[in-house]
Amino acid sequence: MGEAGQSVIEVLMDHRSVRSFTDEAISEDVVRTLVMAGTRASTSSNMQAYAVIAITEADQKSRLASLCSDQKQVHESAAFLVFCADLHKLMLACRMHEVETGAPGEAEALLVAVVDTALVMQNVAVASESLGYGICMIGAIRNQPAAVGEALGLPKHVMAISGMCIGRSAEAGEVKPRLDLDAILHMNRYRSDGELLPLLEAYDDVQSQWYAERDMHPRDPRWTAVMSRRLPGVEKRRSVGTFLRDQGFLSR
Ligand SMILES: Cc1cc2nc3c(=O)[nH]c(=O)nc-3n(C[C@H](O)[C@H](O)[C@H](O)COP(=O)(O)O)c2cc1C
């Protein structure tokens, strides 16, 4: 991962999430470089509607890890970053110019902030991997959004979207197969279900084989079976909608 001379595409193709880290530290300078590279991502109208909170205090990290289901990689990470959608800065700009607006309550503003945040996050991931670090994003930061907001002192119009563990990998890890490109890349028009379904079924076989070859036996390894449980599982995070409303991201 990220060996000297690897092209950007090679770094991207070599990505795998890392869930076990050595105790090698990452300096604040390196963290700053990674986040700086992150901010070079395109950003809607230069709005930069994101904030990144680097967790350096041990107590604060434990508190956040416990809010992320105590995932081991959060505890072990050399750097734990929390990526937030941030319209607060833009509201300050409006206040400076005496403009009153309910814009943060619009779905469009939420999309702008979430897309901007995701782009920064992925840039930081690629930058980290290019330096030979492993990463794992942590969506579990949205398990208890209000408690995370309180722990991080988030003002209104700011919400944690994902965490990211960074560190030196203590595991070889493996590149996970993705869906056939034709299930993702549509030419000119979205494919019919008749074309899509066989591609999903083919991926079911790829996933089943991948787990079987590693002697791993999840409940039902077929991707469609996993997703048929995953998507309804989103309903468990109803507090995300509540927090978005409380934070002023959604007006209704
Ligand atoms: C926004 C986001 C949140 C994620 N949250 C978690 C998480 O909380 N815990 C975890 O172990 N992996 C998490 N992941 C990692 C995914 O499970 C992983 O990317 C996916 O299974 C594909 O595996 P790969 O990254 O090794 O290719 C997250 C990924 C994304 C993009």
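Reckoned from all heavy atoms, side chains included, excluding hydrogens, waters and symmetry mates. Both counts, for ligands and for their atoms, begin at 1 and track the order of listing.
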| field | Distance under 6.0 Å and angle within 45° of ring axis: Arg168 vs Phe21 | value | no
| Close N or O approach (Lys176, ligand 1; < 3.5 Å) | yes
| Would one find an N or O of Met137, backbone or side chain, under 3.5 Å from an N or O of ligand 1? | yes
| Please state which protein non-hydrogen atom is closest to atom 1 (C) of ligand 1 and give its distance, to 0.1 Å? | Ser162 OG, 4.0 Å
| query | To which protein heavy atom is atom 11 (O) of ligand 1 closest, and what is the distance rounded to 0.1 Å? | reply | Arg19 NE, 2.7 Å
I need the atoms of ligand 1 closer than 4.0 Å to a non-hydrogen atom of [X], numbered in the order shown.
X      : value
Gly139 : 3 (C), 4 (C), 5 (N), 6 (C), 7 (C), 8 (O)
Ser17  : 15 (C), 18 (C), 19 (O), 24 (P), 25 (O), 26 (O)
Ala140 : 8 (O)
Cys136 : 10 (C), 11 (O), 12 (N)
Gln71  : 7 (C), 8 (O), 9 (N), 10 (C), 11 (O)

| query | Can you check side chain to side chain contact (heavy atoms under 4.5 Å, CB included) on Phe243 and Val148, steps first, answer last? | reply | CA-CA 11 Å; Phe243 190 66; Val148 167; over 6 Å; no
| Leu181, CG: over 12 other non-hydrogen atoms inside 6.0 angstrom | yes
| task | State plainly whether the residues Asp59 and Lys61 are in salt-bridge range, i.e. N to O under 4.0 Å. | result | no
| Hphob cluster co-occupancy, Val124 + Met137, side-chain heavy atoms under 4.5 angstrom | yes
| said: Strictly distance-based, threshold 3.5 Å: is any side-chain N or O of Glu195 a donor or acceptor partner for the main-chain N or O of Ser192? | reply: yes
| task | Return yes if some donor-acceptor pair links the side-chain N/O of Asp86 with the main-chain N/O of Ala49 below 3.5 Å, else return no. | result | no
| query | With a 4.0 Å heavy-atom cut-off (strictly under), which part of Cys68 contacts ligand 1: side chain, backbone, both or neither? | reply | neither
| query | Of the backbone atoms (N, CA, C, O) and the side-chain heavy atoms from C-beta on, which set of Arg178 has a member under 4.0 Å from an atom of ligand 1: side chain, backbone, both, or neither? | reply | side chain
| note | Closest to atom 25 (O) of ligand 1 by heavy-atom distance, out of His15, Met121, Arg142, is His15
Just distance, no hydrogens or angles: give the donor-acceptor pairs under 3.5 Å from side chains in residues 32-41, sequence neighbours left out.
residue	atom	partner	partner atom	Å
Thr33	OG1	Asp29	O	2.9
Thr39	OG1	Met36	O	2.7

| request: Would you sort out whether Leu67 and Ile141 count as a side chain to side chain contact (heavy atoms under 4.5 Å, CB included), showing the intermediate values? | output: CA-CA 7 Å; Leu67 292 170; Ile141 200 86; over 6 Å; no
| said: Any atom of ligand 1 sitting under 4.0 Å from a heavy atom of Gln73? | reply: yes
